[in-house]
Amino acid sequence: MVTARNLCKNYYDSLGNIVQACVDLSFEAQAGEVFGLLGTNGAGKTTALRMLSTVLRPTSGDAMVAGHSITHAPDRVRASIGFLSSDTGIYGRLTAREMIEYFGRLHGMSDERINDRVEEIADVLEMREFLNRRCDKLSSGQKQRVSIARTIVHDPEVLILDEPTSGLDILSAAQIVRFIRQSRDRGRCVVFSTHIMREAEKLCDRILILHKGTVRLAGTLAEICGRAGTNDLEEIFMEAVGEIQS
Ligand SMILES: Nc1ncnc2c1ncn2[C@@H]1O[C@H](COP(=O)(O)OP(=O)(O)OP(=O)(O)O)[C@@H](O)[C@H]1O
Ligand SMILES: [Mg+2]
């Protein structure tokens with residue numbers, strides 16, 4: 001469903017020096033699987049997810065997302081994915097329902113299909129209580145659910161979520177975790193980033209640890225824990241990012 005091949009992204013700082021935000025990133029994530037991209041601040045998670053979502057063009061390398069190349073067919077990729085970024089905006093003057101409808105129309109969906117999806121999404125993300133409230137009156141957890149709702153209105157095959165639980169309390173975060181599990185159970189491929197190891201432990205089928213733009217460890221959670229001889233992902237993570245000095 002998602003196959004990244006040697007993705008690289010270089011940025012330039014104000015002095016013209018190269019910042020290698022992502023170096024030779026390769027991985028595969030299947031349908032019906034939750035893939036976790038783990039890394040500390042500045043590891044390159046957002047850069048990687050923005051490349052997969054076609055928001056950023058890779059410096060080199062390519063990825064196939066839902067059967068399409070991010071470099072050769074970015075429009076097709078965009079139609080097949082739902083991308084939640086930290087700056088996925090919502091319009092304060094619209095209600096939660098109007099937000100979902102608006103993005104449904106942008107995707108060219110019929111009114112009937114949009115109405116069906118609003119019902120489904122309101123159930124899955126537990127949005128009934130605030131569906132008809134203006135977005136600027138919502139709590140941050142509710143706003144985050146509206147952001148997710150608008151990114152999945154077209155029921156994409158691949159969900160790319162950049163730190164979907166960031167800043168949320170334990171209950172709101174648990175709702176998002178439930179939603180990710182349900183998406184997986186419906187055969188969707190979910191690629192998400194986090195620096196919360198507990199979350200990755202609970203959710204991921206496969207993980208990749210990114211540190212300073214490079215892959216430090218990758219595999220199924222079961223393989224990785226088996227090899228490390230512990231189920232403590234925090235410990236595994238610390239070792240993976242601490243071992244190699246750069
Ligand atoms: N537009 C840019 N120009 C220059 N450098 C950038 C740019 N965007 C990101 N970087 C650098 O690239 C590296 C990776 O950043 P990125 O945002 O991908 O990390 P991240 O893993 O998402 O971090 P966080 O957990 O803080 O969100 C960082 O060193 C960052 O400073
Ligand atoms: Mg980030």
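Remember, it's 1-based here, ligands and their atoms both numbered in the order they're listed.
The structure places CG of Leu208 at 6.0 Å from CG of Leu37, a figure rounded to the nearest 0.5 Å. The CG atom of Asp62 lies 10.5 Å from the OG1 atom of Thr3; values are rounded to the nearest 0.5 Å.
Between Asp75 and Arg78 a salt bridge is recorded (basic side-chain N to carboxylate O distance below 4.0 Å).
Remark: atom 30 (C) of ligand 1 lies closer than 4.0 Å to no protein heavy atom. Protein non-hydrogen atoms do reach within 4.0 Å of atom 12 (O) of ligand 1.
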message = Go through it in stages, so that I can follow the logic: the residues are Ser85 and Asp162, the test is side chain to side chain donor-acceptor pair (under 3.5 Å), and I'd like the CA-CA distance, side-chain angles, deciding distance and then a yes or no.
response = CA-CA 5 Å; Ser85 71; Asp162 194 3; over 6 Å; no
message = Using the rule given for side-chain contact (heavy atoms from CB on, under 4.5 Å), can you reason through Cys8 versus Cys22, listing the C-alpha separation, both sets of side-chain angles and the distance that settles it, and then say yes or no?
response = CA-CA 5 Å; Cys8 296; Cys22 220; 5.8 Å; no
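A donor-acceptor pair shorter than 3.5 Å can be found between the side chains of Thr194 and Glu199.
Among Leu56, Thr46, Thr47, the residue whose heavy atom lies nearest to atom 22 (O) of ligand 1 is Thr46. Considering each of Gly42, Ser193, Ala48, the one bringing a non-hydrogen atom nearest atom 14 (C) of ligand 1 is Gly42.
Protein heavy atom in closest approach to atom 26 (O) of ligand 1: Asn41 ND2, 3.1 Å. Nearest to atom 25 (O) of ligand 1 among the protein's heavy atoms is Lys45 NZ, 2.7 Å. Shortest contact from atom 19 (O) of ligand 1 to any protein heavy atom: Gly44 N, 3.2 Å. Here the heavy atom of the protein found nearest to atom 9 (C) of ligand 1 is Tyr11 CE1, 3.2 Å.
Residue contacts with ligand 1, taken as heavy atom pairs separated by less than 4.0 Å, involve Thr40 solely via the backbone atoms N, CA, C and O.
For ligand 1, the polar-atom distance check finds no N/O of Ala21 at less than 3.5 Å from any of the ligand's N/O atoms. Residue Tyr12 has no N or O atom closer than 3.5 Å to an N or O atom of ligand 1.
In summary, the aromatic rings of Phe35 and Phe192 are positioned with their centroids too far apart to meet the 6.0 Å limit.
Using cut-offs of 30° and 60° on the angle between ring planes, the pair Tyr91 and Tyr102 is perpendicular.
Which parts of ligand 1 touch Glu163 is read off a 4.0 Å heavy-atom cut-off, strictly below it: atoms 25 (O), 27 (O). Interface of Ala43 with ligand 1, defined as ligand atoms under 4.0 Å from a residue heavy atom, comprises 19 (O), 20 (P), 21 (O).
Using modelled atom types, no side-chain atom of Thr165 and backbone atom of Leu168 make a donor-acceptor pair closer than 3.5 Å.
Not one N/O/S atom of Thr47, from backbone or side chain, sits under 2.8 Å from the Mg ion (ligand 2).
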